[in-house]
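Input: a single structure, listed below in structure tokens.
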Amino acid sequence: MRALTGGMLLLAAIVAPTVVQAQAAVEPVAVAPAALHAATPEIDAIFTKWMAENHVPGMVYGLVSGGNLVLVKGLGVQDLTTRRPVTPDSLFRIASMTKAFTALSILSLRDKGLLALDDPAEKYVPEMRGWTYPTTDSPKITVGDLLHHVGGFVTDDPWGDRQQVLPQEDFTKLLAAGVPFTRAPEMSYEYSNLGFAILGRVIANVTGAPYTDYVGKTLLGPLGMTASGFDVFAHPQDKRAIGYRWENDAWALEPTMKDGAFNAMGGLEVSATDYAKWVGFVLSAWPPRDGADTGPVRRATVRQVAQGLNFQSVNHRPGSSGGAACPGALAYGMGWRVVQDCEFGLTMNHGGGFPGYGSHVLLLPEFGVGLFALTNRTYSGPSPATWDTAALLLAKGLVKRPAVPVSSDLAAFYGLTRTVWAQGGVAPLAGKVAMNFAMDRTEANWSKALAEAKAKAGTCDTAAPIVPGGALTGAFTWVCSSGTVHGELLLAPTRPVTVQALRFAVEGKD
């Protein structure tokens, strides 16, 4: 521990062992309907402008809050022949946003003890057993490697998109022949549709049934996504948004691709009404809490999809709001791009690019809010409009991060912190500090350091609340006559709970 240096007073203590109080979960605040209604014209304008600039025939966007689809709007047309307008029930291929369903299906099999993420993928896909790896010391690709796109495969957009129609027997032949690597596995992140297609084969071989059956029984059915599925020719054709590409200053029809061996990487077709149920379910995993866990997959398992690997990169927000936003840290999770954002905190997003379709989803778990947009133009990913809408909601105060509750232990020790400051000594902490406290500084020197800090700060208003960083740590700021005190209280992982560190940084007035 350090002594008073540069205005910092560090009081460290380790005391004998109170029982840790569980931190109560605070549900995110739902978006207020009246305020959202007032902002809807501006949201419409964001998506309408983006749609026009990108030559998109039709689009639907949605906002989920409190587990409900609180705003949904269809723009443009499903198809250019009949000019049917887009509705919340129009069906769109969501392309790579399918990967999140595949990833959670894999995790559900893990939960059932039917596979392990550290298992070599060849354990479940025998055609991989004869593969030649790029080096003799290359690790064999694991199931987890495929989830995180670290299998050593080359990025395969747009080749992978056109493999959607590949028959299963042809996929078996492709795997049996082996594939070239761009690098050894586990050396770097590189997005791979092939990898997720292999995960689809893992699911099929483990369950003894088609991939689509397991996703339907495990996720789509329990969530009530009755209009969604992979066999697009079996869906009501008058509900389908027909896919187009923009070339030579005109729209051209894209061929409708049937369900095939690469469906696990991008074959799902959904309506906005259905997709909102998925978004609501994923968001419902936050915050961790007591109570019944009634979803098709455990909440703790859903939260795992946000765990990215350490192949991180700098992320710049798309859209007009991105230029002024601070860069975020990006890592690929399991079917999600996970970004730590300085304003939104944890964010999960993913795009979907496909012949005839483009889509984007953005989840703000700490706010309990999800946004998505689905379009029927090739690779027209609406991420800029989606992120700009999130920025608008934040600027207008329509989305708010819930306050972290102060645990009873933290509140009690913060009261003692005020007493320590008022009395100018650590006697109020007697019997309540961890073993390092007395070893780091004598009681006489604590009194001396406190006296110096109080002299520099002047008279302080200590009524300000503590801002918790968790159940056992918090920060506080006191405004004083001659400066400001920035403090931190850190409790020890002991029972009973004790103080391991108490810090006061005194900032004098200029």
Test your reading of the model: is there a side-chain donor-acceptor pair from W131 to the backbone of L175, 3.5 Å cut-off? yes
For R84, is there an ion pair with D79 - N to carboxylate O distance below 4.0 angstrom? yes
For a side-chain hydrogen bond (donor to acceptor under 3.5 Å, both in side chains) check, start with the C-alpha distance between T102 and K99, then their side-chain angles and the critical distance, and finish with the verdict. CA-CA 5 Å; T102 302; K99 289 180 172 69; over 6 Å; no
Using modelled atom types only, decide if a donor and an acceptor are shared between the side chain of T301 and the backbone of V297 within a distance under 3.5 Å. no
When you measure from the side chain of N349 to the backbone N and O of V361, does any donor-acceptor pair fall under 3.5 Å? no
Salt bridge flag under 4.0 Å for residues E53 and K49: yes
Between T207 (side chain) and I203 (backbone), is there a donor-acceptor pair under 3.5 Å? yes
Quick one: does R289's side chain have a donor or acceptor within less than 3.5 Å of a partner on P287's backbone? yes
Test side-chain contact (heavy atoms from CB on, under 4.5 Å) on D161 and M265; report intermediate values, then the result. CA-CA 9 Å; D161 297 329; M265 71 84 187; 4.1 Å; yes
Are the side chains of V270 and F92 in touch, meaning some heavy atoms are under 4.5 Å apart? no
Kindly give the heavy-atom pair with the smallest separation between P185 and F181, and that separation in Å. CG-CE2, 4.1 Å
Do you see a donor-acceptor pair shorter than 3.5 Å between the side chains of Y244 and N376? no
Output, in order, the C-alpha distance, side-chain angles, deciding distance and verdict of salt bridge (Lys or Arg N to Asp or Glu O under 4.0 Å) for R183 and E190. CA-CA 10 Å; R183 62 176 56 84; E190 188 159 353; 2.4 Å; yes
D274 side chain to S228 side chain, donor-acceptor N/O pair below 3.5 angstrom: yes
Which label fits W246 and W251: parallel for a plane angle under 30°, tilted from 30 to 60°, or perpendicular past 60°? perpendicular
Separation of Y124 OH from L114 CG (nearest 0.5 Å): 8.5 Å
Please check if the side chain of N205 supplies one atom and the backbone of V202 the other of a donor-acceptor pair under 3.5 Å. no
For the CE atom of M59 and the OG atom of S90, what is their distance to the nearest 0.5 Å? 13.0 Å
Do you see a donor-acceptor pair shorter than 3.5 Å between the side chains of S380 and N54? no
Between V282 and M348, is the side-chain contact (heavy atoms from CB on, under 4.5 Å) condition met? List the steps. CA-CA 10 Å; V282 176; M348 298 160 56; 4.3 Å; yes
Test log, rule ring-ring contact (aromatic ring centres under 6.0 Å, His included), inputs Y332 and H350: CA-CA 10 Å; Y332 199 88; H350 211 287; 5.7 Å; yes
Determine whether a donor-acceptor pair (N or O, by modelled atom type, separation under 3.5 Å) exists between the side chain of S65 and the backbone of V31. yes
Can you find a heavy atom in the side chain of T256 that is under 4.5 Å from one in the side chain of F233? yes
Any side-chain heavy-atom pair of T347 and L363 under 4.5 Å: no
Mind running salt bridge (Lys or Arg N to Asp or Glu O under 4.0 Å) on E254 and R377 for me, showing each step along the way? CA-CA 9 Å; E254 287 277 19; R377 205 218 81 188; over 6 Å; no
F372/Y61 aromatic ring centres below 6.0 Å: no
side-chain contact (heavy atoms from CB on, under 4.5 Å) evaluation trace for Y189 with S313: CA-CA 10 Å; Y189 161 84; S313 60; over 6 Å; no
Do L117 and I106 have side chains that approach each other closer than 4.5 Å (heavy atoms only, starting at C-beta)? yes
Note, N193 side chain near F153 side chain (heavy atom, < 4.5 Å): no
Close aromatic pair by centroid cut-off 6.0 Å: F230 and Y211: yes
Please test T142 against D118 for side-chain hydrogen bond (donor to acceptor under 3.5 Å, both in side chains), starting from the C-alpha separation and ending with a verdict. CA-CA 6 Å; T142 68; D118 288 337; 5.4 Å; no
Give the C-alpha distance, both sets of side-chain angles, the deciding distance and a yes or no for side-chain hydrogen bond (donor to acceptor under 3.5 Å, both in side chains) between Y191 and D156. CA-CA 7 Å; Y191 192 82; D156 54 2; over 6 Å; no
Do Q304 and R110 get their side chains close enough for a donor-acceptor pair, meaning under 3.5 Å? yes
Go through V338 and L330 one step at a time and tell me if the side-chain contact (heavy atoms from CB on, under 4.5 Å) criterion holds. CA-CA 6 Å; V338 182; L330 165 66; 5.8 Å; no
Considering only NZ, NE, NH1 and NH2 on the basic side and carboxylate oxygens on the acidic side, decide whether E366 and K400 come within less than 4.0 Å. no
Backbone of A95 reached by a side-chain donor or acceptor of T98 within 3.5 Å: yes
Between F262 and W159, does the ring centre distance come in under 6.0 Å? yes
Going by heavy atoms in the side chains, are V154 and L194 under 4.5 Å from each other? no
For residues R240 and E269, determine if any side-chain heavy atom of one lies less than 4.5 Å from a side-chain heavy atom of the other. yes
Would E127 and K173 pass as an ion pair if we require N to O under 4.0 Å? no
Could you measure the distance from the OH atom of Y379 to the OH atom of Y357? Nearest 0.5 Å is fine. 13.5 Å
Between OG of S321 and CD of E343, what distance do you get to the nearest 0.5 Å? 8.5 Å
Just how far is it from atom NE2 of H37 to atom CD1 of I43, taken to the nearest 0.5 Å? 11.5 Å
Is the count of non-hydrogen atoms from other residues, nucleotides or ligands lying under 6.0 Å from K112 atom NZ greater than 12? yes
Test your reading of the model: is there a side-chain donor-acceptor pair from S108 to the backbone of S105, 3.5 Å cut-off? yes
Going by an N to O cut-off under 4.0 Å, is there a salt bridge joining K396 and E42? yes
Show your reasoning for whether side-chain hydrogen bond (donor to acceptor under 3.5 Å, both in side chains) applies to R201 and T172. CA-CA 9 Å; R201 180 60 65 89; T172 298; 3.0 Å; yes
Looking at S96 and G352, would you say the former's side chain and the latter's main chain have a donor-acceptor pair under 3.5 Å? no
Salt bridge flag under 4.0 Å for residues R299 and D293: yes
To the nearest 0.5 Å, what is the distance between CZ on F354 and CG on L268? 10.5 Å
Under a 3.5 Å cutoff, is there a donor and acceptor pairing between the side chains of S271 and D89? no
Inspect the contact between E122 and R129 and indicate whether a charged nitrogen and a carboxylate oxygen are less than 4.0 angstrom apart. no
L309 vs V150 side-chain heavy atoms within contact, under 4.5 Å: yes
With ring-ring contact (aromatic ring centres under 6.0 Å, His included) as the criterion, how do H149 and F196 come out once you've worked through the C-alpha distance, each side chain's angles and the decisive distance to 0.1 Å? CA-CA 8 Å; H149 296 296; F196 264 74; 5.1 Å; yes
